[in-house]
2 protein chains.
Amino acid sequence: MQETLSIGELARRTGCQVVTIRYYEQVGLLPEPARTAGGHRAYTPAHLRQLDFIKRGRSLGFPLAAISGLLNLLEDRDATCSDIDALAEQHLAEVRAKIADLRAIEAQLETSLAQCRHETRAQCAVAEALVSAG
Amino acid sequence: MQETLSIGELARRTGCQVVTIRYYEQVGLLPEPARTAGGHRAYTPAHLRQLDFIKRGRSLGFPLAAISGLLNLLEDRDATCSDIDALAEQHLAEVRAKIADLRAIEAQLETSLAQCRHETRAQCAVAEALVSAG
DNA sequence: GTGCTTTCTATAGTCGCTATAGGTTCAAGC
DNA sequence: GCTTGAACCTATAGCGACTATAGAAAGCAC
């Protein structure tokens with residue numbers, strides 16, 4: 001009937017790892033595929049599309065739970081564009097918060113490293129920043 | 001002889017959580033303290049200083065392994081300032097790499113959200129970015 | 001001695017995989 | 001038909017840095 005894909009082919013086409021695909025199935029993110037007589041997974045093109053979606057979501061940093069929510073929204077005929085955008089907005093806010101955190105860390109490390117004269121260990125500015133309050 | 005601190009006091013003074021302090025002991029980052037007759041941990045001011053150090057390292061995003069390395073360097077009389085700075089430089093590079101990743105994600109999310117007209121679900125730019133290659 | 005808070009240990013869960021062990025199936029070549 | 005080697009199967013444990021839970025014991029004020 002339908003052409004199917006082995007888990008290896010699916011991995012190659014999506015850029016996911018085989019173990020990761022099985023993991024997605026285990027946590028309910030990817031539906032269980034049919035099996036061959038020998039018990040090997042036989043995926044359909046629909047699985048390929050869904051895994052592509054998951055992969056893109058992951059590359060945007062969405063956690064698996066959010067991707068699961070997005071998949072539900074896409075299947076829900078009553079869901080609106082705003083519902084989808086709300087998830088993306090929320091994620092964007094988290095991404096920006098992380099960037100802000102990391103930039104503060106970057107600035108502190110830069111300052112300490114710039115101040116350091118690389119002379120004696122006792123005067124190391126990096127050590128200083130860690131030992132005393134700053 | 002020496003005034004000691006309970007784990008709760010140590011937590012309050014350092015801003016760590018009690019369970020986290022016990023975890024640090026478990027993984028060998030904080031030395032095992034003496035115990036009271038009843039088995040409660042009795043910390044010294046040296047523990048307080050070390051935990052403060054760990055806390056500052058964590059707030060700079062250093063992984064526990066790096067903090068362990070830094071602690072060893074501080075105790076090693078032969079270690080130089082450059083040894084310490086090398087660890088910080090390496091960490092700074094990792095922080096910058098993460099920032100770059102997150103900024104790319106931020107830009108993509110911003111673009112999708114800006115393009116979205118919030119009209120029909122089928123035309124949602126965010127969904128579009130996830131469903132089709134981009 | 002009576003409560004109440006703090007502390008104790010041990011275990012399991014979080015997230016998103018990754019690694020390992022030990023076995024089975026499949027596809028191609030002969 | 002048979003062999004070989006790759007791909008596949010399940011189950012389990014590990015990563016980092018905690019967090020949560022349960023049930024018991026200690027400590028301290030009144």
Do the side chains of L109(A) and F62(B) get nearer than 4.5 Å, heavy atoms only? yes
Taking the side chain as C-beta and beyond, is there a heavy-atom pair between L10(A) and Y43(A) under 4.5 Å? yes
Mark yes or no for whether H91(A), through its side chain, and L60(A), through its backbone, hold a donor-acceptor pair below 3.5 Å. yes
Q50(B) (side chain) donor-acceptor with L29(B) (main chain) under 3.5 angstrom: yes
If you compare every side-chain N and O of T20(A) against the phosphate oxygens of dG16(C) (OP1, OP2), does one of them come in below 4.0 Å? no
On DNA chain C, more 5' by nearest nucleotide between V19(A) and A37(A) is V19(A)
Using the salt bridge (charged side-chain N to carboxylate O under 4.0 Å, His left out) rule, collect all pairs that involve residues 100-113 of chain A, keeping only residues at least two apart or in two chains. E106(A)-R96(B), E110(A)-R96(B)
Any base atoms under 4.0 Å from Y24(B), or only sugar-phosphate, or nothing? Heavy atoms, all strands. sugar-phosphate
Which distance, rounded to the nearest 0.5 Å, do you find between the NE2 of H40(A) and the OG of S6(A)? 9.5 Å
Would you say T80(B) and D83(B) are linked by a side-chain donor-acceptor pair, where the criterion is simply a distance under 3.5 Å? yes
Before accepting this row, confirm whether a basic side-chain N of the pair E25(A)/R41(A) lies closer than 4.0 Å to the acidic partner's carboxylate O. yes
Expected string for nucleotides 2-9 of chain C under the B/S/- scheme (protein heavy atoms, under 4.0 Å, primed atoms plus P, OP1, OP2 as sugar-phosphate) is -----SSB
The first and last nucleotides of DNA chain D lying within contact of chain A, meaning any atom under 4.0 Å from one of its heavy atoms, run from dC8(D) to dT10(D)
For Y23(A) and dC15(C), what is the distance between atoms OH and P respectively, to the nearest whole Å? 8 Å
